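Naming: A, B, ... by sequence-line order, numbering from 1 per chain. Predicted model, so just to flag it, every value in this text is computed and none were measured.
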Amino acid sequence: MERNEAIGRLQPLIGKDLVPLAADYGVTIWKDGKKNKGWAGHVVERHLGLPINSSRAPNFGSWELKVVPLKYLTSGKLTVKETMAITMIDPVEVKHKEFEDSHLFTKLRKMLVIARVFESQEDVHSVLHAISEFDLDNPDIRRQVKADYDLVRKVICVEGFSELSGKMGVLVQPRTKGPGHGSTSRAFYARAPFVKKMLGIV
DNA sequence: CTATGATCATCC
DNA sequence: GGATGATCATAG
């Protein structure tokens, strides 16, 4: 499916509550009092007819789909609530590949970012707020992302994979991610200001 | 177990 | 409120 087609399919969902859709598509939100944090992403993927799997390649072949939560500030303004997980860091791959050949670049160069409104942790309602296309075509942004990638590379080579921390990086940070319980894997995350740029709410 | 989808918990 | 590290459901 092309990105434009996906946009066309998602357009009608803008302003709609995603919670009832989760039930329609059989997506679990709560189980034994614990939350399936990826439910919103699964709902959108199912809506587009994508089988749920864990392939590391961009889910649609040439572009990447992401759902990100938005929240209202006390001032009443809408902003990005969280950083966005992009992809796992494979130390071997990062060490041997240039930024232009990395998974990070492949995913960032062409993506579709869906913004949903976060109301509360209970997710009683969650309205799809906007759909935004993003390509890594801004020279300044691209240069900074590459710099962050190179920093990660350097740390892995010089200090070791385990020294990577979320404190590093300007637009993209290396941060722990995984099933939890002692997992030490890390992933690239887009910091909030970067996500705002993607959504065009700078 | 670790990849995917991400958000939660806690510290400052 | 923002940042950082930890964690949840599901699939292979």
Hey, does [X] reach any base, or is it just sugar-phosphate, or nothing, if we go heavy atoms under 4.0 Å?
X: V67(A); value: sugar-phosphate
X: T28(A); value: sugar-phosphate
X: R186(A); value: nothing
X: G38(A); value: base
X: K177(A); value: base

Distance check needed: [N] [atom2] versus [X] [atom1], whole Å only.
X: K31(A); N: dG5(B); atom1: NZ; atom2: P; answer: 20 Å
X: L112(A); N: dG5(B); atom1: CG; atom2: P; answer: 14 Å
X: H42(A); N: dC8(C); atom1: NE2; atom2: P; answer: 16 Å
X: K34(A); N: dA9(C); atom1: NZ; atom2: C1'; answer: 11 Å

So does [X] pair up with [Y], basic N to acidic O under 4.0 Å?
X: D150(A); Y: K146(A); value: yes
X: R191(A); Y: E82(A); value: no
X: K66(A); Y: E64(A); value: yes

Requested in this report: Might you work through the salt bridge (charged side-chain N to carboxylate O under 4.0 Å, His left out) test for R3(A) and D135(A), ending with a clear yes or no?
Outcome: CA-CA 12 Å; R3(A) 187 164 64 169; D135(A) 298 317; 3.2 Å; yes

Report summary line: Looking only at dA3(C), dT7(C), dG1(C), the nucleotide nearest the K37(A) side chain is dT7(C)

**Report entry** Minimum-distance nucleotide (side-chain atoms of K66(A) versus dT2(B), dA6(B), dT10(C))
**Finding:** dA6(B)

Query raised in the report: Taking DNA chain B as the partner, which of residues 150-175 of chain A come within under 4.0 angstrom of it by heavy atom?
Result: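 Of all residues in residues 150-175 of chain A, none places a heavy atom under 4.0 Å from DNA chain B.
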
Query raised in the report: Of the options V127(A), D123(A), L70(A), which is the one that meets R116(A) in a side-chain contact (heavy atoms from CB on, under 4.5 Å)?
Result: D123(A)

